[in-house]
Novice: 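Sharing a structure, written as structure tokens. Questions coming.
The chains referred to below are lettered A, B, ... by the order of the sequence lines, with proteins before strands, and numbering in each begins at 1.
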Amino acid sequence: MSEFGESPSPDDPSRNGERIKPALKEIPGLLDAREAGGKYSKDCTLILTEGNSAQTLIWTSLDRDYYGIFALNGKPLNVLKATKQTLEENEQLSYIKEIIGLEDGKDYKSTDDLRYGHILLMTDQGLGAMTYEEGKEVLANKEKLLKEFLLLEEEDKKVIEVASGKKEKDRKTWMLNNEFDDCHLDINAKHIKYKDFFNSDFRQYCLVNCRRSIPSIVDGLKPAQRKIIWCSLGIDFTEAMTVTALAHQVATETAYRHKESNLYAPIIGFAQDYVGSNNIKLFQPIGVFGTRLKGGKDHGEPRYLNTRLLPIARLIFPQDDDEILPEYDGNEEESVEPKWLLPIIPMILVNGCDGGIGTGYSCNIPKFDPLQLIAMLKKKFYNGSYGDLEPWYKGFKGKIDSEIVDDQNVWYSHGVYDQEDDGEYVITELPIGEWTENYENWLRDKDGKLSNNVYITELKSLGDERKIDIRISTISSKRLKTSADGDDESSIEDMFNLKKKLDTKHMNLFDQSGQITYYETADDIFEAYYAIRLPYYGERKKKMLHKLDDEISMLSNKIKLIELVRGNTIDMCADRTASEREEMLTSHGFARLPDFKYLESMSGLCSFTAEALKELETKLKELEDKKNTLTTMTREKLWEEDLDALEKYIQNFSLVEEMGPGAM
DNA sequence: CCTACTGCTAC
DNA sequence: CGGCGTAGCAGTAGG
DNA sequence: GGATGACGAT
DNA sequence: CGTATATCGTCATCC
């Protein structure tokens with residue numbers, strides 16, 4: 001504490017004026033201004049900081065007679081959407097109310113009766129990362145940085161309602177209205193109108209929030225997920241590593257600007273394989289990665305979990321495409337992930353997306369069978385017809401079907417139940433997204449009463465973390481229909497809550513041009529993906545042909561040189577100046593690639609054996625064959641080869657992969 | 001003199 | 001943002 | 001009918 | 001070894 005020198009202790013009473021309200025020691029984390037609640041309340045400013053480190057920092061350099069500091073923890077409540085109860089229960093807000101002495105139900109005309117006359121929000125994200133010296137420097141200039149928000153006008157209120165109130169529909173159009181794209185706050189302006197702030201910075205924030213929460217149609221990934229995959233594609237995973245270590249590496253190598261612990265969950269998510277998680281898991285789970293008991297929330301601590309990218313990832317994201325991946329916009333200096341990866345199947349349909357919650361838009365997409373997707377792609381290559389996509393979940397034992405509700409196609413997943421001879425019900429599968437523990441708790445919470453006339457007499461849970469096995473004995477006040485009555489299947493299903501809708505009404509994705517786009521059906525997504533992906537096979541082909549051409553050219557020039565040297569047509573060993581030698585090589589028609597270094601650096605030019613030359617000629621022939629084959633190949637054919645490899649892998653090696661690459 | 005406790009560090 | 005328990009170590013207060 | 005919780009990146 | 005707060009959109013479920 002000595003470095004804070006003469007600063008009097010916060011509760012030093014010596015300078016207190018007459019108090020309106022006593023000092024508030026009981027509020028944790030509050031550093032109260034000495035004059036707050038006293039004669040000079042009006043001149044007091046309460047500074048609200050983001051997090052405690054910022055608080056500690058500015059505490060050292062403020063006049064604490066007139067400045068109080070209170071650290072806000074976490075994100076603030078949106079009071080436009082909160083219910084009365086939520087509002088009242090919000091700790092932060094009640095503390096702030098108490099600190100400034102605001103009383104419920106009182107009509108204030110001025111700030112005279114308050115403990116503080118001003119509130120200052122200190123929102124610079126970097127404050128916590130500064131040294132004390134830097135912090136003092138910033139605070140010394142705080143008047144320059146200070147912005148004052150003007151009083152609310154009608155127009156302001158409207159914009160605020162649209163931007164953060166309960167008007168999601170309006171918010172969608174407001175967000176995508178590019179009239180506002182050029183809106184910027186004047187850095188030097190002292191005063192800010194709320195509407196200007198919302199139309200510029202806040203609208204940008206909304207777009208950013210969508211960008212991080214809504215996947216791309218191209219690779220089905222959100223930025224944090226893409227960073228994880230991209231970075232991992234470059235890691236040699238002969239040894240598995242802990243989730244914490246991987247998160248750290250991803251964060252540093254792809255310039256992830258947030259807490260790296262935020263990466264734990266998506267890494268763990270990639271490695272989960274319980275029913276309802278991944279149709280294709282991309283990472284190997286070594287340790288407790290979570291089960292369907294708790295929908296994966298029962299995973300262990302990231303520092304105890306080990307993982308590695310699975311080989312299937314390279315079949316989905318082939319190495320051959322690495323060079324044609326588009327660069328991330330506007331990041332020349334820093335190493336970051338590409339704009340998107342190019343999976344050979346529409347990964348957004350394989351592993352789906354749930355809980356992609358942005359601002360204005362959200363994204364939910366069910367999962368589909370990779371083998372069906374592969375089959376559809378192949379049919380499409382040859383203009384064959386293919387059926388519609390049907391949701392599919394790996395390992396799911398129940399049925400998935402659709403009904404027409406209000407003219408719209410709605411998909412449902414159904415659990416599985418059976419009735420034994422003695423009348424006992426046996427549940428062996430739950431609908432997609434229903435977790436075992438939740439479900440069993442729900443049953444228990446029924447407190448014996450299942451429906452108006454059915455009562456549970458016994459409830460046994462015999463399953464484990466993979467298997468569902470719930471046995472329920474019942475009695476009913478009415479005679480329940482027997483199977484002879486042609487019993488009403490759906491009512492038993494309803495009674496046990498074994499039917500759940502798959503959300504297909506919010507399939508919003510970023511398209512190739514970066515626009516949030518709504519897709520009505522999974523088949524629309526499939527078609528859109530196809531249209532984007534196919535041209536990239538053309539790109540790949542072009543790139544590969546170029547590389548082959550280069551290799552062929554280099555090799556044939558080398559061979560020619562050897563032949564000329566051996567035939568004594570030219571003498572590479574003779575005493576010549578650099579320009580004389582260059583002239584000689586040029587006159588014999590050698591290609592510059594881009595200069596002659598590749599020829600000059602050839603070792604043993606004069607002592608080449610016939611065998612060695614033969615070897616080079618064979619290699620040249622191979623390259624030329626390869627080129628000829630590639631030249632005749634269509635984009636579809638190239639793609640098909642990738643698909644064949646993946647298909648074979650899924651069919652034959654999935655089991656091996658379950659055991660990890662070590663088992664291969 | 002022995003015990004119990006404190007403050008610190010590390011896991 | 002926080003906690004628990006365990007342990008080792010040195011110093012110290014108290015019976 | 002209104003409140004609440006779940007989803008996941010932050 | 002863990003805990004808490006919150007946003008954001010949408011739906012199902014609860015009281």
Novice: I'd like to check P391(A) versus S413(A) (side-chain heavy atoms, cut-off strictly below 4.5 Å). Are they in contact?
Specialist: no

Novice: How is Q92(A) classified with respect to the nucleic acid when contacts are heavy atoms under 4.0 Å: base, sugar-phosphate, or nothing?
Specialist: nothing

Novice: Does a side-chain N or O from Y304(A) land closer than 4.0 Å to OP1 or OP2 of dC1(E), or not?
Specialist: yes

Novice: Which residue pairs pass the salt bridge (charged side-chain N to carboxylate O under 4.0 Å, His left out) test when at least one of the two sits in residues 77-89 of chain A, sequence neighbours left out?
Specialist: none

Novice: For residues 428-438 of chain A, which residue pairs pass the salt bridge (charged side-chain N to carboxylate O under 4.0 Å, His left out) check, not counting sequence neighbours?
Specialist: R292(A)-E429(A), K294(A)-E437(A), E434(A)-K500(A)

Novice: Is any side-chain nitrogen or oxygen of N90(A) closer than 4.0 Å to OP1 or OP2 of dA6(E)?
Specialist: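 Checking dA6(E) against N90(A), a side-chain N or O does come within under 4.0 Å of OP1 or OP2.
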
Novice: Measure from NZ on K499(A) to P on dC11(E) and round the result to the nearest Å.
Specialist: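 About 17 Å, once rounded to whole Å.
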
Novice: Could you tell me whether E440(A) and R444(A) have a side-chain N and a carboxylate O separated by less than 4.0 Å?
Specialist: yes

Novice: Which of these, T307(A), D273(A), I268(A), sits in a side chain to side chain contact (heavy atoms under 4.5 Å, CB included) with F283(A)?
Specialist: T307(A)

Novice: Suppose you measure atom P in dT3(E) against the same atom in dA6(D); what distance do you get, rounded to whole Å?
Specialist: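 Each nucleotide's P atom is 14 Å from the other's.
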
Novice: Let's see if you can work this out: which of dC8(E), dC14(E), dC1(E) has an atom nearest to the side-chain heavy atoms of R171(A)?
Specialist: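 Minimum distance to the R171(A) side chain belongs to dC8(E).
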
Novice: What's the gap between dG7(B) and dT5(E) when it is taken at their P atoms, as a whole Å value?
Specialist: 32 Å

Novice: So what does R303(A) touch, heavy atoms closer than 4.0 Å: a base, only the sugar-phosphate, or nothing?
Specialist: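 Contact class for R303(A): base.
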
Novice: Just the rounded figure in Å: distance from P of dA12(E) to CG of L502(A).
Specialist: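 L502(A) atom CG is separated from dA12(E) atom P by 11 Å.
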
Novice: Quick one: which of dC14(E), dA12(E), dG9(E) gets closest to the side chain of K501(A)?
Specialist: dA12(E)

Novice: For residues 352-362 of chain A, which side-chain N or O atoms pair as donor and acceptor with protein atoms under 3.5 Å away, sequence neighbours left out?
Specialist:
unit_1, atom_1, unit_2, atom_2, d
T359(A), OG1, N209(A), ND2, 2.7

Novice: Over how many whole Å does the gap from Y95(A) atom OH to dA6(E) atom C1' extend?
Specialist: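 Spelled out: OH on Y95(A) to C1' on dA6(E) is 16 Å.
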
Novice: Expressed as a whole number of angstroms, how long is the span from D298(A):CG to dC1(E):P?
Specialist: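 Whole-Å distance recorded here is 15 Å.
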
Novice: Once pairs are restricted to Watson-Crick or G-U wobble with both distances under 3.5 Å, how does DNA chain E read as a dot-bracket string, [ ] for crossings and | for other-strand pairs?
Specialist: ||...||||||||||

Novice: Please state how far atom CG in L305(A) lies from atom P in dC1(E), giving the value in whole angstrom units.
Specialist: 11 Å

Novice: Just list the side-chain donor-acceptor pairs under 3.5 Å for residues 198-207 of chain A, sequence neighbours left out, or say none.
Specialist:
unit_1, atom_1, unit_2, atom_2, d
N199(A), OD1, W174(A), NE1, 2.9
N199(A), ND2, K195(A), O, 3.4
S200(A), OG, D196(A), O, 2.7
S200(A), OG, F197(A), O, 3.3
R203(A), NE, W174(A), O, 3.4
R203(A), NE, M175(A), O, 2.9
R203(A), NH1, D181(A), OD1, 3.2
R203(A), NH2, M175(A), O, 2.8
R203(A), NH2, N177(A), O, 3.0
R203(A), NH2, D181(A), OD1, 2.9

Novice: Among dC8(E), dG9(E), dG2(E), which nucleotide has an atom closest to any side-chain atom of S164(A)?
Specialist: dC8(E)

Novice: Is there a donor-acceptor contact under 3.5 Å linking the side chains of Y518(A) and D524(A)?
Specialist: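 Note: Y518(A) and D524(A) side chains miss the donor-acceptor criterion.
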
Novice: Would you mind classifying the nucleic acid contact of K169(A) as base, sugar-phosphate or nothing, using non-hydrogen atoms under 4.0 angstrom?
Specialist: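 K169(A): no heavy atom of the nucleic acid under 4.0 Å.
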
Novice: Please work out if K81(A) contacts a base, only the sugar-phosphate, or nothing of the nucleic acid, heavy-atom cut-off 4.0 Å.
Specialist: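 Sugar-phosphate contact only - K81(A) comes under 4.0 Å of backbone atoms but never of a base.
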
Novice: When rounded to the nearest Å, what value does the distance between C1' atoms of dA6(E) and dT6(B) take?
Specialist: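 Result for the C1' pair: 40 Å, nearest Å.
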
Novice: Let me know the distance between CG of N497(A) and C1' of dC11(E), rounded to the nearest Å.
Specialist: 14 Å

Novice: Nearest whole angstrom, please: distance from the C1' of dC8(E) to the NZ of K167(A).
Specialist: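 So the NZ-C1' distance, K167(A) to dC8(E), works out to 18 Å.
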
Novice: Among I348(A), T517(A), L389(A), which one satisfies side chain to side chain contact (heavy atoms under 4.5 Å, CB included) with I525(A)?
Specialist: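 Among I348(A), T517(A), L389(A), the one meeting side chain to side chain contact (heavy atoms under 4.5 Å, CB included) with I525(A) is I348(A).
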
Novice: Using a 4.0 Å cut-off on protein heavy atoms (strictly under), produce a 5'-to-3' string for nucleotides 4-9 of chain D with B for base contact, S for backbone-only sugar-phosphate contact, and - for none.
Specialist: S--BBS

Novice: Would you call T521(A) and D388(A) a side-chain contact if the rule is heavy atoms closer than 4.5 Å?
Specialist: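 With C-beta onward as the side chain, the pair stays apart.
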
Novice: Please report, rounded to the nearest Å, how far the C1' atom of dG3(C) is from the CD atom of E301(A).
Specialist: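 Rounding to the nearest Å, CD of E301(A) and C1' of dG3(C) are 14 Å apart.
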
